[in-house]
Amino acid sequence: MSDIANKVETLMEAMPYLQKYQGKIIVIKYGGNAMINEELKDAVMHDVVLLKLLGMKPVLSHGGGPGINKMLEKLDIPVEFIEGLRYTSADIMRVVEMVLVGQVNTELVGFINKLGGKAVGLSGVSGDIYHCHQRDEVHGYVGDIVSVNGDMLRDMCLEDYIPVIASIGADENGDGYNINADIAACEIGGAVGADKLLFLTDIDGIRSDPNDPSTLIPRIDLAGIKKLMDSGAISGGMIPKVQSCVTAVRKGIKHVNIVNGTIPHSILVELFTVKGVGTLITE
(Lines give C-alpha, C1' and ligand atoms only; values in the text may rest on other atoms or scores of the structure.)
Protein backbone atom coordinates (compact mmCIF):
# COMPACT_ATOMS: atom_id res chain seq x y z
CA MET A 1 0.00 0.00 0.00
CA SER A 2 2.90 2.37 0.77
CA ASP A 3 4.19 1.92 -2.78
CA ILE A 4 0.83 3.03 -4.19
CA ALA A 5 0.75 5.97 -1.79
CA ASN A 6 4.22 7.04 -2.93
CA LYS A 7 3.13 6.93 -6.56
CA VAL A 8 0.03 9.00 -5.80
CA GLU A 9 2.16 11.51 -3.87
CA THR A 10 4.50 11.80 -6.86
CA LEU A 11 1.57 12.46 -9.18
CA MET A 12 0.17 15.09 -6.84
CA GLU A 13 3.56 16.82 -6.68
CA ALA A 14 3.66 16.86 -10.50
CA MET A 15 0.13 18.27 -10.94
CA PRO A 16 0.91 22.03 -10.67
CA TYR A 17 3.79 21.63 -13.12
CA LEU A 18 1.60 19.72 -15.56
CA GLN A 19 -0.75 22.69 -15.47
CA LYS A 20 2.10 25.17 -15.71
CA TYR A 21 3.63 23.66 -18.86
CA GLN A 22 0.41 22.56 -20.58
CA GLY A 23 0.60 23.60 -24.23
CA LYS A 24 4.05 25.17 -23.77
CA ILE A 25 7.05 24.64 -26.03
CA ILE A 26 9.89 22.84 -24.25
CA VAL A 27 13.25 22.92 -26.07
CA ILE A 28 15.68 20.18 -25.10
CA LYS A 29 19.32 20.24 -26.12
CA TYR A 30 20.47 16.63 -26.29
CA GLY A 31 24.08 15.54 -26.53
CA GLY A 32 27.11 14.14 -24.73
CA ASN A 33 27.27 10.74 -23.06
CA ALA A 34 23.48 10.53 -22.84
CA MET A 35 23.63 9.92 -26.60
CA ILE A 36 25.99 6.95 -26.51
CA ASN A 37 24.64 5.13 -23.46
CA GLU A 38 21.68 3.09 -24.69
CA GLU A 39 19.85 3.07 -21.34
CA LEU A 40 20.12 6.84 -21.02
CA LYS A 41 19.06 7.31 -24.64
CA ASP A 42 16.01 5.15 -24.00
CA ALA A 43 15.14 7.24 -20.92
CA VAL A 44 15.51 10.56 -22.78
CA MET A 45 13.38 9.43 -25.72
CA HIS A 46 10.67 8.13 -23.38
CA ASP A 47 10.72 11.48 -21.56
CA VAL A 48 10.32 13.40 -24.82
CA VAL A 49 7.36 11.28 -25.95
CA LEU A 50 5.75 11.49 -22.51
CA LEU A 51 5.94 15.30 -22.59
CA LYS A 52 4.01 15.22 -25.87
CA LEU A 53 1.41 12.85 -24.46
CA LEU A 54 1.00 15.15 -21.44
CA GLY A 55 0.09 18.08 -23.68
CA MET A 56 3.45 19.83 -24.02
CA LYS A 57 5.28 20.64 -27.25
CA PRO A 58 8.85 19.30 -27.09
CA VAL A 59 11.50 20.32 -29.61
CA LEU A 60 14.72 18.29 -29.64
CA SER A 61 17.91 20.06 -30.70
CA HIS A 62 20.84 17.67 -30.89
CA GLY A 63 24.56 17.55 -31.43
CA GLY A 64 26.63 14.42 -31.78
CA GLY A 65 30.12 15.16 -30.53
CA PRO A 66 30.99 11.63 -29.37
CA GLY A 67 29.94 10.13 -32.70
CA ILE A 68 31.83 12.78 -34.65
CA ASN A 69 34.99 12.19 -32.57
CA LYS A 70 34.72 8.44 -33.12
CA MET A 71 34.41 8.84 -36.89
CA LEU A 72 37.27 11.34 -37.05
CA GLU A 73 39.45 8.93 -35.09
CA LYS A 74 38.66 6.16 -37.60
CA LEU A 75 39.61 8.49 -40.44
CA ASP A 76 42.78 9.60 -38.61
CA ILE A 77 41.67 13.24 -38.65
CA PRO A 78 42.86 15.20 -35.58
CA VAL A 79 40.32 16.77 -33.24
CA GLU A 80 40.91 20.35 -32.09
CA PHE A 81 38.75 22.68 -30.00
CA ILE A 82 39.23 26.45 -29.98
CA GLU A 83 37.45 28.40 -27.22
CA GLY A 84 35.21 25.40 -26.62
CA LEU A 85 34.20 25.09 -30.30
CA ARG A 86 35.29 22.34 -32.67
CA TYR A 87 37.69 23.46 -35.40
CA THR A 88 35.92 22.38 -38.60
CA SER A 89 37.86 21.96 -41.83
CA ALA A 90 36.12 21.09 -45.11
CA ASP A 91 36.87 17.39 -44.49
CA ILE A 92 35.58 17.57 -40.92
CA MET A 93 32.44 19.36 -42.13
CA ARG A 94 31.64 16.40 -44.39
CA VAL A 95 32.04 14.07 -41.40
CA VAL A 96 29.82 16.32 -39.24
CA GLU A 97 27.06 16.25 -41.88
CA MET A 98 27.35 12.49 -42.31
CA VAL A 99 27.20 11.73 -38.57
CA LEU A 100 24.63 14.30 -37.45
CA VAL A 101 22.17 13.98 -40.34
CA GLY A 102 22.79 10.52 -41.72
CA GLN A 103 23.25 8.71 -38.44
CA VAL A 104 22.22 10.52 -35.24
CA ASN A 105 19.17 12.38 -36.52
CA THR A 106 17.77 9.35 -38.33
CA GLU A 107 18.25 7.15 -35.27
CA LEU A 108 16.56 9.60 -32.88
CA VAL A 109 13.57 10.07 -35.17
CA GLY A 110 13.15 6.31 -35.50
CA PHE A 111 13.38 5.85 -31.74
CA ILE A 112 10.72 8.48 -31.01
CA ASN A 113 8.38 7.13 -33.68
CA LYS A 114 8.80 3.59 -32.33
CA LEU A 115 7.58 4.86 -28.94
CA GLY A 116 4.45 6.38 -30.47
CA GLY A 117 5.65 9.93 -31.09
CA LYS A 118 5.47 11.76 -34.42
CA ALA A 119 9.02 12.96 -34.95
CA VAL A 120 10.26 14.86 -37.99
CA GLY A 121 14.00 14.76 -38.67
CA LEU A 122 15.55 18.04 -39.81
CA SER A 123 18.91 19.69 -40.17
CA GLY A 124 19.26 23.41 -39.79
CA VAL A 125 19.56 23.57 -43.58
CA SER A 126 15.96 22.29 -43.96
CA GLY A 127 13.65 25.22 -44.68
CA ASP A 128 16.55 27.54 -43.82
CA ILE A 129 15.93 26.82 -40.13
CA TYR A 130 19.43 28.05 -39.27
CA HIS A 131 20.49 30.83 -41.61
CA CYS A 132 24.09 31.50 -40.70
CA HIS A 133 27.44 32.91 -41.75
CA GLN A 134 30.98 31.79 -41.09
CA ARG A 135 32.20 32.80 -37.64
CA ASP A 136 35.81 33.42 -38.71
CA GLU A 137 38.75 31.78 -40.46
CA VAL A 138 40.22 30.55 -37.18
CA HIS A 139 37.37 28.08 -36.51
CA GLY A 140 36.96 27.02 -40.15
CA TYR A 141 33.46 25.93 -41.15
CA VAL A 142 31.85 26.99 -37.89
CA GLY A 143 28.70 29.07 -38.29
CA ASP A 144 27.03 31.79 -36.28
CA ILE A 145 23.24 31.85 -36.60
CA VAL A 146 21.80 34.99 -38.15
CA SER A 147 18.14 33.95 -38.06
CA VAL A 148 15.92 30.97 -37.22
CA ASN A 149 12.77 29.89 -39.07
CA GLY A 150 10.71 29.78 -35.90
CA ASP A 151 7.38 29.90 -37.74
CA MET A 152 8.11 26.56 -39.41
CA LEU A 153 8.97 24.90 -36.10
CA ARG A 154 5.94 26.35 -34.30
CA ASP A 155 3.68 25.10 -37.08
CA MET A 156 5.11 21.60 -36.68
CA CYS A 157 4.47 21.71 -32.94
CA LEU A 158 0.88 22.82 -33.51
CA GLU A 159 0.42 19.87 -35.88
CA ASP A 160 1.54 17.54 -33.06
CA TYR A 161 4.93 16.76 -34.58
CA ILE A 162 8.15 16.62 -32.57
CA PRO A 163 10.90 18.47 -34.50
CA VAL A 164 14.32 16.82 -34.15
CA ILE A 165 16.97 19.20 -35.45
CA ALA A 166 20.66 18.59 -36.19
CA SER A 167 22.98 21.51 -35.51
CA ILE A 168 24.02 22.31 -39.09
CA GLY A 169 23.16 25.51 -40.94
CA ALA A 170 23.79 27.18 -44.28
CA ASP A 171 24.46 30.66 -45.62
CA GLU A 172 22.88 32.45 -48.58
CA ASN A 173 25.17 30.53 -50.95
CA GLY A 174 24.08 27.16 -49.58
CA ASP A 175 27.44 26.50 -47.94
CA GLY A 176 27.08 24.34 -44.84
CA TYR A 177 28.46 25.17 -41.40
CA ASN A 178 28.88 23.33 -38.12
CA ILE A 179 26.93 25.06 -35.33
CA ASN A 180 27.50 24.50 -31.64
CA ALA A 181 24.43 22.56 -30.48
CA ASP A 182 24.07 24.62 -27.29
CA ILE A 183 24.00 27.85 -29.26
CA ALA A 184 21.54 26.31 -31.73
CA ALA A 185 19.17 25.27 -28.92
CA CYS A 186 19.28 28.78 -27.46
CA GLU A 187 18.42 30.35 -30.81
CA ILE A 188 15.55 27.88 -31.34
CA GLY A 189 14.18 28.62 -27.89
CA GLY A 190 14.12 32.34 -28.55
CA ALA A 191 12.64 31.98 -32.05
CA VAL A 192 9.74 29.71 -31.03
CA GLY A 193 8.98 31.47 -27.74
CA ALA A 194 9.87 28.46 -25.61
CA ASP A 195 8.76 28.49 -21.99
CA LYS A 196 11.53 26.11 -20.91
CA LEU A 197 15.01 25.35 -22.25
CA LEU A 198 16.87 22.33 -20.90
CA PHE A 199 20.54 21.71 -21.65
CA LEU A 200 21.33 18.03 -21.03
CA THR A 201 25.02 17.69 -20.25
CA ASP A 202 27.48 15.26 -18.64
CA ILE A 203 27.76 17.03 -15.29
CA ASP A 204 25.24 17.99 -12.64
CA GLY A 205 25.19 21.72 -13.47
CA ILE A 206 27.30 24.80 -12.76
CA ARG A 207 29.78 24.46 -9.93
CA SER A 208 31.68 27.15 -8.05
CA ASP A 209 34.60 24.71 -8.18
CA PRO A 210 34.44 22.73 -11.45
CA ASN A 211 36.36 19.83 -9.88
CA ASP A 212 34.14 19.48 -6.80
CA PRO A 213 30.61 18.05 -7.36
CA SER A 214 29.57 19.22 -3.89
CA THR A 215 29.80 22.86 -5.05
CA LEU A 216 26.80 22.56 -7.38
CA ILE A 217 24.88 25.85 -7.62
CA PRO A 218 21.11 25.15 -7.80
CA ARG A 219 20.23 28.70 -8.90
CA ILE A 220 22.35 31.55 -10.26
CA ASP A 221 21.69 34.92 -11.87
CA LEU A 222 23.58 36.61 -14.72
CA ALA A 223 25.77 38.62 -12.33
CA GLY A 224 26.84 35.38 -10.63
CA ILE A 225 27.61 33.84 -14.02
CA LYS A 226 29.89 36.77 -14.88
CA LYS A 227 31.83 36.35 -11.65
CA LEU A 228 32.41 32.65 -12.35
CA MET A 229 33.45 33.39 -15.94
CA ASP A 230 35.89 36.08 -14.79
CA SER A 231 37.38 33.77 -12.16
CA GLY A 232 37.89 30.90 -14.62
CA ALA A 233 35.52 28.57 -12.75
CA ILE A 234 33.59 28.25 -16.03
CA SER A 235 35.98 27.12 -18.75
CA GLY A 236 36.43 24.90 -21.81
CA GLY A 237 33.28 23.33 -23.23
CA MET A 238 31.17 24.89 -20.47
CA ILE A 239 31.84 28.37 -21.87
CA PRO A 240 29.57 28.15 -24.96
CA LYS A 241 26.98 26.24 -22.92
CA VAL A 242 26.80 28.90 -20.21
CA GLN A 243 26.98 31.73 -22.73
CA SER A 244 24.02 30.14 -24.50
CA CYS A 245 22.11 30.07 -21.21
CA VAL A 246 22.81 33.76 -20.68
CA THR A 247 21.65 34.56 -24.21
CA ALA A 248 18.52 32.47 -23.70
CA VAL A 249 17.61 34.37 -20.52
CA ARG A 250 18.12 37.67 -22.32
CA LYS A 251 15.89 36.44 -25.14
CA GLY A 252 13.09 36.14 -22.61
CA ILE A 253 13.00 32.37 -22.06
CA LYS A 254 11.55 32.08 -18.56
CA HIS A 255 13.17 28.84 -17.41
CA VAL A 256 16.71 27.93 -18.51
CA ASN A 257 18.33 24.90 -16.88
CA ILE A 258 21.55 22.92 -17.15
CA VAL A 259 20.64 19.34 -16.26
CA ASN A 260 22.69 16.18 -15.80
CA GLY A 261 21.64 14.01 -18.73
CA THR A 262 23.45 11.00 -17.25
CA ILE A 263 20.69 10.75 -14.60
CA PRO A 264 17.84 8.61 -16.00
CA HIS A 265 14.67 10.64 -16.61
CA SER A 266 16.34 13.86 -15.48
CA ILE A 267 13.98 15.78 -17.80
CA LEU A 268 10.93 14.59 -15.86
CA VAL A 269 12.61 15.16 -12.48
CA GLU A 270 13.44 18.75 -13.43
CA LEU A 271 10.05 19.55 -14.90
CA PHE A 272 7.72 17.86 -12.44
CA THR A 273 9.30 17.95 -8.98
CA VAL A 274 9.68 20.75 -6.46
CA LYS A 275 13.42 20.27 -5.99
CA GLY A 276 14.32 19.56 -9.62
CA VAL A 277 17.90 18.89 -10.68
CA GLY A 278 20.84 20.85 -12.06
CA THR A 279 21.23 24.62 -12.20
CA LEU A 280 18.55 27.20 -12.98
CA ILE A 281 19.85 30.36 -14.65
CA THR A 282 17.84 33.55 -14.05
CA GLU A 283 18.14 37.21 -14.95
Side-chain angles (χ1 to χ4, degrees), residues 25-54 56-72 86 95-127 129-130 148-149 152-157 159-169 176 178-189 191-192 194 196-202 241 244 257 259-268 270-271:
I25 296 179
I26 312 291
V27 175
I28 300 162
K29 185 273 170 171
Y30 178 50
N33 288 329
M35 299 190 80
I36 57 177
N37 181 300
E38 290 303 315
E39 288 185 9
L40 291 174
K41 185 187 300 181
D42 181 83
V44 171
M45 294 304 104
H46 272 85
D47 288 359
V48 170
V49 174
L50 182 58
L51 294 186
K52 190 67 177 178
L53 293 174
L54 291 171
M56 286 148 242
K57 303 182 185 304
V59 175
L60 194 65
S61 172
H62 73 84
I68 293 169
N69 290 341
K70 187 175 180 180
M71 182 60 69
L72 291 175
R86 180 189 301 277
V95 172
V96 169
E97 291 173 328
M98 177 177 64
V99 173
L100 291 189
V101 180
Q103 179 182 332
V104 177
N105 191 271
T106 301
E107 181 182 1
L108 295 179
V109 169
F111 209 137
I112 290 172
N113 289 342
K114 180 181 69 175
L115 295 174
K118 291 167 57 180
V120 177
L122 305 160
S123 79
V125 179
S126 308
I129 291 175
Y130 298 140
V148 177
N149 190 345
M152 174 181 172
L153 297 175
R154 279 194 300 271
D155 288 345
M156 286 185 174
C157 290
E159 293 295 327
D160 284 336
Y161 290 105
I162 300 173
V164 181
I165 311 157
S167 53
I168 295 171
N178 183 18
I179 300 171
N180 177 271
D182 295 321
I183 296 171
C186 163
E187 294 295 334
I188 286 177
V192 301
K196 183 86 165 177
L197 174 56
L198 296 172
F199 291 94
L200 299 189
T201 186
D202 297 337
K241 190 179 301 295
S244 296
N257 297 77
V259 175
N260 191 341
T262 66
I263 298 174
H265 302 294
S266 57
I267 294 173
L268 301 184
E270 168 52 38
L271 282 170

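Small disclaimer: the values here were computed from a predicted structure and weren't measured.
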Do Cys157 and Val59 come within less than 4.5 Å of each other through their side chains, counting heavy atoms only? yes

For the CD1 atom of Ile68 and the CD atom of Glu97, what is their distance to the nearest 0.5 Å? 10.5 Å

Would you check if Leu51 and Leu268 make a side-chain contact, meaning some heavy-atom pair closer than 4.5 Å? yes

Find out whether Val259 and Ile267 are in side-chain contact, i.e. whether some heavy atom of one side chain is under 4.5 Å from a heavy atom of the other. no

Here's a test for you: under side chain to side chain contact (heavy atoms under 4.5 Å, CB included), which of Val27, Asn257, Asp47 qualifies with Leu198? Asn257

CD1 of Ile179 to CZ of Arg86, rounded to nearest 0.5 Å, is 14.0 Å

Under 3.5 Å donor-acceptor, Ser266 side chain and Asn260 backbone: yes

Where the side chain of Asn105 meets the backbone of Val164, is there a donor-acceptor pair that is under 3.5 Å apart? yes

Any side-chain heavy-atom pair from Ser167 and Ser61 closer than 4.5 angstrom? no

Might you work through the side chain to side chain donor-acceptor pair (under 3.5 Å) test for Asn180 and Lys241, ending with a clear yes or no? CA-CA 9 Å; Asn180 177 271; Lys241 190 179 301 295; over 6 Å; no

Do Met156 and Val192 come close enough that some side-chain heavy atom pair is under 4.5 Å? no

Nearest 0.5 Å, please: how far is CG in Leu40 from NE2 in His265? 9.5 Å

Could you give the distance from CD1 (Ile165) to CG (Leu100), rounded to the nearest 0.5 Å? 13.0 Å

Whether Asp182 side chain and Ser244 backbone form a donor-acceptor pair below 3.5 Å: no

Working note: Lys196 + Glu270, criterion side-chain contact (heavy atoms from CB on, under 4.5 Å); need CA distance, chi angles, decisive distance, verdict. CA-CA 11 Å; Lys196 183 86 165 177; Glu270 168 52 38; 3.0 Å; yes

Has Lys118 got more than 12 heavy atoms of other residues, nucleotides or ligands less than 6.0 Å from its NZ? yes

Residues Tyr130, Ile188; criterion side-chain contact (heavy atoms from CB on, under 4.5 Å); working and verdict: CA-CA 9 Å; Tyr130 298 140; Ile188 286 177; 2.8 Å; yes

Over all atoms of both residues, closest heavy-atom pair of Tyr30 and Met35: OH-CA, 3.3 Å

How far apart are the closest heavy atoms of Val101 and Ser123, and which atoms are they? CG2-CB, 3.9 Å

Roughly how far, to the nearest 0.5 Å, is NE2 of His62 from NZ of Lys29? 10.5 Å

Step-by-step side-chain contact (heavy atoms from CB on, under 4.5 Å) determination, Leu153 to Leu122: CA-CA 10 Å; Leu153 297 175; Leu122 305 160; 4.1 Å; yes

side-chain contact (heavy atoms from CB on, under 4.5 Å), that's the test. Do Met45 and Leu60 meet it? Break it down for me. CA-CA 10 Å; Met45 294 304 104; Leu60 194 65; 3.9 Å; yes

Out of curiosity, Met56 CE to Leu271 CG, how far, rounded to the nearest 0.5 Å? 7.0 Å

Minimum side-chain heavy-atom gap Val48-Pro58 below 4.5 Å: yes

Close side-chain approach of Pro163 and Val120, heavy atoms under 4.5 Å: no

